[in-house]
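Contents: one structure, followed by commentary.
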Amino acid sequence: MRMPTRKQKPRKAQVASLPAPTGGLISNRNLAVARSADAPPGAAVLENVFPTATGCILRRGSKRWASVVQDAPVKAIFSYLSGAQREMYAATEYGIWNITTVASPYSFAITSDGEDYIAADVPTELVFGVDGLEGLDVLTGTTSGDWVVVQFATAGGEFLVGVNGSDEAFLYDGTTFDATAITFPAGSTLTTADLAYVWVYKQRLYFIEKNSLNAWYLPVDQVGGELVKLPLGGVFVRGGVLTWGQSWSLDSGGSGGLSEQCVFTTTEGEVAAYQGLSPDVDQGWTKVGVYRIGRPMGKKAFIRAGGDIVIATTVGFISLASASRQDYAALGQNAVSYPIEDDWARAVQTRGQDDWRCQVWADGQMVLVSPPTPESRSPVVFVSNANTGRWCTFTGWDATAFEVFNGGLFFGGTDGAVRQGGVGGSDEGAPYVGRVLPLFDDMGAAPNLKVMKMAQAVVRSAYDVKVQLSGHVNYKVNFPAPPSQGSIPIGNEWDNGVWGTSTWDAERGDIIAGDWVSVGGSGHDVSVGMQITSGAVVPIDAELVRINVTYTLGEVGT
């Protein structure tokens with residue numbers, strides 16, 4: 001007897017929700033474990049999107065603050081704060097400029113087709129154009145811009161003391177930049193140009209002699225006078241040279257109670273800690289210990305975290321307090337950067353092991369780590385949420401120096417410009433793209449093929465932003481071309497309002513944007529990527545809440 005063929009029922013689509021990856025960028029987790037009960041959801045890609053405790057928000061842009069010397073990398077930015085006097089300076093190899101207030105963020109000159117300057121008639125011979133830093137140079141004729149500067153107060157006032165290991169040290173008293181009155185003992189051929197680093201410990205200035213294992217220090221509460229040598233060659237068994245020093249605090253020390261110590265760090269990753277008032281006789285100077293931390297990646301590759309110091313090294317972003325308690329072999333898995341271990345290691349291998357820059361921006365709740373940018377690569381900054389410790393990356397910010405001034409973040413670039421970060425909705429007028437890709441997930445059915453159908457992004461924003469979603473399968477990241485930027489209305493934002501029409505401080509209601517769109521893609525492990533382009537004058541501040549996705553399951557073994 002012939003039996004009718006049973007009709008196959010269409011597969012019922014299932015729905016899954018991918019929460020915003022508040023766990024930040026993850027590159028150290030087992031690929032097959034997308035979600036963990038004891039950790040927030042993570043991301044395989046989190047670019048130009050900052051993880052917060054509630055979601056992931058598109059970063060703000062940057063704007064040019066000053067043009068220093070074209071194509072001369074800005075190697076140092078530092079500030080002077082004394083009472084109501086607040087000043088910011090930028091340095092290249094050619095000198096130092098006061099960039100607190102500039103005539104124009106751009107400098108330019110009008111030339112002919114033959115690139116000859118076009119000038120007014122004599123007697124002025126004025127070149128037509130704008131010099132944004134005209135008259136703001138405070139120190140010229142230098143050969144290196146990699147200054148290390150500290151502010152130090154004595155009975156005579158507030159001073160800046162700067163050294164760079166190439167030029168004579170400077171002293172700034174709040175009015176003028178002059179040579180220091182620092183001298184070396186009789187018979188020494190050294191000058192202050194041989195001093196490469198300076199810091200303060202127990203009301204004394206300490207210095208590092210370049211290319212050596214020698215430190216020097218001044219008498220207490222003085223910015224001048226004869227230096228006293230502190231040889232440390234017999235302390236470090238791995239050799240190398242001193243690279244930086246700092247004061248460091250622990251909860252307890254050899255004398256009991258809160259302990260402030262003076263630490264000396266070598267290029268080979270050894271840190272020697274001393275306790276006492278000074279190395280002078282009968283001042284209680286004793287060695288606390290010598291610790292290994294991994295090779296430090298530059299003399300400005302660390303941050304202060306309370307009394308502790310966190311150091312960018314070849315094995316990770318290492319807490320000195322942690323290194324003092326643990327074996328060197330265990331440092332990597334306890335590093336602050338452990339969640340991005342693979343990305344960190346890749347940056348160490350491809351971007352070099354020197355001249356990394358680190359900065360804490362408390363107002364932005366960010367810790368920024370900027371490795372060098374080789375010619376064949378684009379700039380990247382590793383950024384951590386200072387409160388949650390979760391990581392992401394910022395692209396498009398070419399940062400060779402950092403400074404926080406008046407609550408704002410400033411960074412110098414290889415093109416000789418200084419920019420302010422975290423402002424506006426574009427990078428100096430150029431759009432940038434935020435990308436989010438949650439970790440790949442087997443949706444609880446590892447053996448089954450998943451066929452993605454539709455997806456929806458739930459985004460909280462003050463504007464109706466344009467969101468692009470795309471399907472990604474089997475651990476392959478393949479974002480399509482980014483979307484164009486949405487139309488952002490100019491209304492009541494500062495410097496964009498229309499006088500007599502706009503209302504200052506008017507509120508915009510949050511918009512929950514979430515259109516279902518087709519994404520496609522099939523695989524055993526799937527994820528949905530999101531892209532948003534920002535290029536407006538005002539910041540979008542779009543925050544991802546979650547991504548919903550529908551999919552069908554194939555049979556086991558498909």
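Just so you know, these numbers use all the heavy atoms, side chains as well, and skip hydrogens, waters and symmetry mates.
One N or O on the side chain of Thr314 and one on the backbone of Arg295 form a donor-acceptor pair closer than 3.5 Å. Between the Thr243 side chain and the Thr265 main chain, no donor and acceptor come within less than 3.5 Å of each other. A donor-acceptor pair under 3.5 Å is formed between the side chain of Thr313 and the backbone N or O of Ile293. Trp65 places no side-chain N or O within donor-acceptor distance of the main-chain N or O of Val102, the cut-off being under 3.5 Å. Between the side chain of Asp415 and the main chain of Ala417, a donor-acceptor pair closer than 3.5 Å is present.
The CG atom of Leu195 lies 12.0 Å from the CG atom of Asp167; values are rounded to the nearest 0.5 Å. For the atom pair NE2 of His472 and CZ of Phe479, the computed distance is 4.5 Å after rounding to the nearest 0.5 Å. Of the inter-residue distances, the one linking Cys392 atom SG with Asn48 atom CG reads 8.0 Å to the nearest 0.5 angstrom. Taking NZ of Lys75 as the reference point, atom CG of Asn164 lies at 11.5 Å (rounded to 0.5 Å). Taking CD1 of Ile309 as the reference point, atom OG of Ser249 lies at 8.5 Å (rounded to 0.5 Å).
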Before you tell me yes or no, could you show the steps for Ser322 and Asn334 under side chain to side chain donor-acceptor pair (under 3.5 Å), namely the whole-Å CA-CA distance, both residues' side-chain angles and the distance that decides it to 0.1 Å? CA-CA 8 Å; Ser322 177; Asn334 292 288; 5.5 Å; no
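Ring geometry, Trp356 versus Phe382: the interplanar angle falls under 30°, so the pair is classed parallel (tilted spans 30 to 60°).
Atom OH of Tyr338 sits in a crowded spot, with more than 12 heavy atoms from other residues, nucleotides or ligands closer than 6.0 Å. The neighbour count for Arg29 CZ, taken as heavy atoms of other residues, nucleotides or ligands under 6.0 Å away, is above 12. Surrounding CD of Gln85 are more than 12 heavy atoms belonging to other residues, nucleotides or ligands, all under 6.0 Å away.
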Hey, can you pull the donor-acceptor pairs under 3.5 Å for the side chains in residues 422-436, sequence neighbours left out?
residue: Ser426; atom: OG; partner: Gly429; partner atom: N; Å: 3.0
residue: Asp427; atom: OD1; partner: Arg59; partner atom: NH1; Å: 3.1
residue: Asp427; atom: OD1; partner: Ser62; partner atom: N; Å: 3.3
residue: Asp427; atom: OD1; partner: Ser62; partner atom: OG; Å: 3.0
residue: Asp427; atom: OD1; partner: Trp397; partner atom: NE1; Å: 3.2
residue: Asp427; atom: OD2; partner: Arg59; partner atom: NH2; Å: 2.7
residue: Glu428; atom: OE1; partner: Arg419; partner atom: NE; Å: 2.5
residue: Glu428; atom: OE1; partner: Arg419; partner atom: NH2; Å: 3.2
residue: Glu428; atom: OE2; partner: Arg64; partner atom: NE; Å: 2.7
residue: Glu428; atom: OE2; partner: Arg64; partner atom: NH2; Å: 3.2
residue: Glu428; atom: OE2; partner: Tyr106; partner atom: OH; Å: 2.6
residue: Tyr432; atom: OH; partner: Arg59; partner atom: O; Å: 2.6
residue: Tyr432; atom: OH; partner: Gly61; partner atom: N; Å: 3.3
residue: Arg435; atom: NE; partner: Gln531; partner atom: OE1; Å: 2.7
residue: Arg435; atom: NH1; partner: Glu47; partner atom: OE2; Å: 3.2
residue: Arg435; atom: NH2; partner: Gln531; partner atom: OE1; Å: 3.4

Give every donor-acceptor pair under 3.5 Å between a side-chain atom in residues 359-374 and any protein atom, sequence neighbours left out.
residue: Trp361; atom: NE1; partner: Gly407; partner atom: O; Å: 2.9
residue: Gln365; atom: OE1; partner: Asn387; partner atom: ND2; Å: 3.2
residue: Ser370; atom: OG; partner: Ala399; partner atom: O; Å: 2.8

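With respect to the salt-bridge test (charged N to carboxylate O, under 4.0 angstrom), the residues Arg357 and Asp146 qualify.
In this structure, Trp147 has its ring center at least 6.0 angstrom away from the ring center of Tyr89. Aromatic rings of Trp199 and Phe264 (six-membered ring for Trp) have centroids within the 6.0 Å cut-off, being under it. Aromatic ring centres of Tyr172 and Phe78 lie farther apart than the 6.0 Å criterion allows.
Side-chain contact between Leu544 and Val49: absent, with no pair of heavy atoms (C-beta onward) separated by less than 4.5 Å. Residues Thr22 and Thr388 form no side-chain contact, since every pair of their non-hydrogen atoms from C-beta on lies 4.5 Å or further apart.
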